[in-house]
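Numbering of residues begins at 1 and proceeds along the displayed sequence. Computed from a predicted structure; not experimentally measured.
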Amino acid sequence: MHSREQTIFALSSGRPPSAIAIVRVSGPQAKTVLEVLAGRVPRPRMATRALLRDREGQGIDDAVVLWFPGPASATGEDVAEFHIHGSRAVQAALFTSLSRLENVRAAEPGEFTRRAFENGKLDLTEAEALDDLIHADTDRQRRQALRQLQGLLGDKARDWRKRTIEAQALIEAGIDFSDEGDVPAELIAPALATIKTLLGEIDETLAARGRSERLRDGLMVAISGPANVGKSTLINLLARREVAIVSPHAGTTRDVIEVQLDLDGYPVTLIDTAGIRDTEDPVEQEGVRRARLRAAESDLVLWVTDAEHEPNREIETPAAAVWVIRNKIDLDSVGEPAGASRTIESGQGSRVVFRISAGRGDGISALVAALAGFARDYFGTEEDGLIGRERQRRLLLDAANGLRRCLAIAGRGDELAAEELRVASQSLGRLLGRIDVEDVLDAIFREFCIGK
């Protein structure tokens with residue numbers, strides 16, 4: 001039986017135990033499920049108390065049920081909801097009863113949202129935004145996902161695709177009437193004007209300041225530097241908990257330690273790495289290799305040093321941005337205050353230097369404020385970007401390039417120009433999930449949690 005002909009169910013609230021749990025059922029058998037378990041079908045969208053019973057008449061729970069006949073439902077299908085007491089025993093009893101009904105089965109991850117997409121309740125950009133909203137860890141991630149869920153990018157993409165197809169139709173009409181004198185020019189001129197406007201709008205979206213698609217994964221900050229300069233002490237201080245072993249002996253950290261932080265609503269992954277030094281220990285050598293690799297992949301490296309190490313000579317990372325963190329200032333006699341930042345020149349260019357004492361906490365508040373400012377500048381403001389995923393940026397680039405090629409050859413090869421418009425409209429269709437994206441759909445909806 002085709003999956004669309006089957007009725008699915010899943011827990012759509014948090015894991016038990018809980019005060020209340022919500023079990024959602026979607027598909028052609030949803031009405032039958034209500035009749036069998038609740039004894040009746042309530043009025044649409046009206047919360048109704050009901051004693052749930054299995055087919056043998058044994059009570060399951062005193063619950064609240066709701067009925068959402070399709071297409072006026074979240075998935076576009078008939079949907080029933082059971083608001084039950086959130087114990088594991090009640091949930092297990094209800095799931096057992098549901099599984100015994102014909103053509104009713106447990107849902108796969110993302111299957112409810114996929115059915116909503118397939119029934120036109122939301123486009124692919126909105127489905128992606130829903131997944132991002134579910135997995136949002138910081139306020140900035142939540143707000144960006146909510147903007148996407150409201151259809152800001154999808155609405156634009158639908159309008160761009162409609163206008164692209166209209167311009168394509170004008171050019172193809174000009175080809176059909178090529179023997180009618182001035183007719184082709186009269187048709188192609190407004191088409192080219194539309195294309196230029198479209199290209200400007202898409203380029204503006206692509207060029208918007210910030211890296212909004214990176215907000216999902218967060219800023220990657222590596223704490224690196226020589227051995228025994230206080231890197232683990234610093235990450236413990238920033239994380240406000242003991243995540244790394246602190247020892248006076250060099251080489252304590254041998255693997256990469258990651259900590260998730262929320263800095264002013266921006267997601268930041270902080271990485272503690274092995275001390276960079278020459279060693280004969282094969283395990284520590286692997287740690288140093290990984291440390292160099294993660295530092296090179298990071299958006300910012302905090303190169304920790306102290307009075308015994310010369311930062312101009314020791315920095316060993318090709319990362320885009322490097323800050324020198326001058327640690328253990330409580331042990332030296334330099335008169336500069338904690339937290340002060342200045343710029344030093346080296347063979348690798350200018351470096352910002354912060355003076356701290358990770359042991360006492362001196363200068364940490366200034367460093368945290370600077371990190372939050374770096375994240376703010378890196379991601380840009382919320383209004384800067386509509387793009388939430390790299391897939392979206394890539395398809396918009398494909399559409400823009402198609403429009404650009406069309407303008408370049410229009411008037412010299414109208415058939416080829418029309419073909420470039422078709423390529424652009426297909427890219428926008430793939431962005432919305434309406435054209436040839438079955439493999440993409442499988443990958444995206446696999447990421448969803450069960451019950452959504």
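Between Arg404 and the options Asp203, Ile202, Ile195, a side-chain contact (heavy atoms from CB on, under 4.5 Å) holds for only Asp203. Looking at Arg142, Arg389, Gln148 one by one, the single match for side chain to side chain donor-acceptor pair (under 3.5 Å) with Asp132 turns out to be Arg389.
Taken to the nearest 0.5 Å, the CG atom of Leu261 stands 7.5 Å off from the CD1 atom of Ile235. Distance check: Leu219 CG to Tyr266 OH gives 11.0 Å after rounding to the nearest 0.5 Å. For the atom pair Glu111 CD and Arg115 CZ, the distance stands at 5.0 Å (nearest 0.5 Å). Atom CG of Asp155 and atom CG of Leu432 lie 9.5 Å apart (nearest 0.5 Å). Here the straight-line distance linking atom CD1 of Ile20 with atom NE2 of His85 works out to 5.0 Å at 0.5 Å rounding. For the atom pair Gln141 CD and Leu133 CG, the distance stands at 10.5 Å (nearest 0.5 Å).
Between Leu270 and Leu238 the shortest side-chain heavy-atom distance falls below 4.5 Å. Side-chain contact between Thr194 and Thr197: absent, with no pair of heavy atoms (C-beta onward) separated by less than 4.5 Å. Annotation: side chain of Leu367 is in contact with side chain of Ile325 (closest heavy-atom distance under 4.5 Å). Gln260 places none of its side-chain heavy atoms less than 4.5 Å from the side chain of Asp137. In this structure, the side chains of Ile356 and Leu234 come closer than 4.5 Å at one or more pairs of heavy atoms. Proximity of Asp131 to Thr113: side-chain heavy atoms (C-beta onward) are nowhere separated by under 4.5 Å. Using a 4.5 Å cut-off on side-chain heavy atoms (C-beta onward), Val25 and Leu98 make contact. For the pair Leu371/Leu300, a side-chain contact is recorded, criterion being any heavy-atom separation below 4.5 Å from C-beta on.
Nearest heavy-atom pair across Ser87 and Pro16 is C-CB, 4.1 Å. Of all heavy-atom pairs between Ala21 and Leu11, the closest is CB-CD1, 3.8 Å. Heavy atoms only, all atoms of each residue included: Ser73 and Gly70 are closest at OG-CA, 4.3 Å. Nearest heavy atoms, Ala107 versus Phe112: CB-CE1, 3.7 Å. Considering every non-hydrogen atom in both Ala321 and Asp299, the closest pair reads CB-O, 3.8 Å. The two residues Phe9 and Ser99 have their closest heavy-atom pair at CZ-OG, 3.4 Å.
For the 3.5 Å distance criterion, the side chains of Arg140 and Gln144 fail to qualify, holding no donor opposite an acceptor.
Ionic pairing of Glu419 and Arg422 is present here: one or more N-O contacts between side-chain nitrogen and carboxylate oxygen are shorter than 4.0 angstrom. A salt bridge is defined here as a Lys NZ or Arg NE, NH1 or NH2 lying under 4.0 Å from an Asp or Glu carboxylate O, and Arg158 with Asp123 meets this definition. By the 4.0 Å N-to-carboxylate-O rule, Glu204 lies too far from Lys156 to be salt-bridged with it.
Asn119 places no side-chain N or O within donor-acceptor distance of the main-chain N or O of Pro71, the cut-off being under 3.5 Å. A side-chain donor-acceptor contact under 3.5 Å links Arg393 to the backbone of Leu206. Judged by distance alone, with hydrogens and angles left aside, the side-chain atoms of Thr164 form no donor-acceptor pair with the main-chain N or O of Leu421 at under 3.5 Å. With hydrogens and angles ignored, the 3.5 Å screen pairs a side-chain donor or acceptor of Gln392 with a backbone N or O of Gly388. With Arg391 contributing its side chain and Leu431 its backbone, the two residues share a donor-acceptor pair below 3.5 Å. Remark: side-chain polar atoms of Arg24 are not paired, donor with acceptor, to backbone N or O of Glu81 under 3.5 angstrom.
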Could you give me the CA-CA distance, side-chain angles and deciding distance for Leu396 and Thr205, then say whether side-chain contact (heavy atoms from CB on, under 4.5 Å) is met?
-> CA-CA 9 Å; Leu396 282 180; Thr205 299; 4.2 Å; yes

Please test Leu263 against Thr138 for side-chain contact (heavy atoms from CB on, under 4.5 Å), starting from the C-alpha separation and ending with a verdict.
-> CA-CA 9 Å; Leu263 290 183; Thr138 72; over 6 Å; no

Ile409 vs Glu420, side-chain contact (heavy atoms from CB on, under 4.5 Å): CA-CA, chis, key distance, verdict = CA-CA 10 Å; Ile409 61 177; Glu420 294 296 349; 4.2 Å; yes

Let me see the working for Cys406 and Ile171 under side-chain contact (heavy atoms from CB on, under 4.5 Å), right down to the final yes or no.
-> CA-CA 11 Å; Cys406 173; Ile171 291 180; 4.2 Å; yes

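Between Trp323 and Phe374, the ring planes are perpendicular. Angles over 60° get that label, and only those under 30° would be called parallel.
Heavy atoms from other residues, nucleotides or ligands lying under 6.0 Å from NZ of Lys121 number more than 12.
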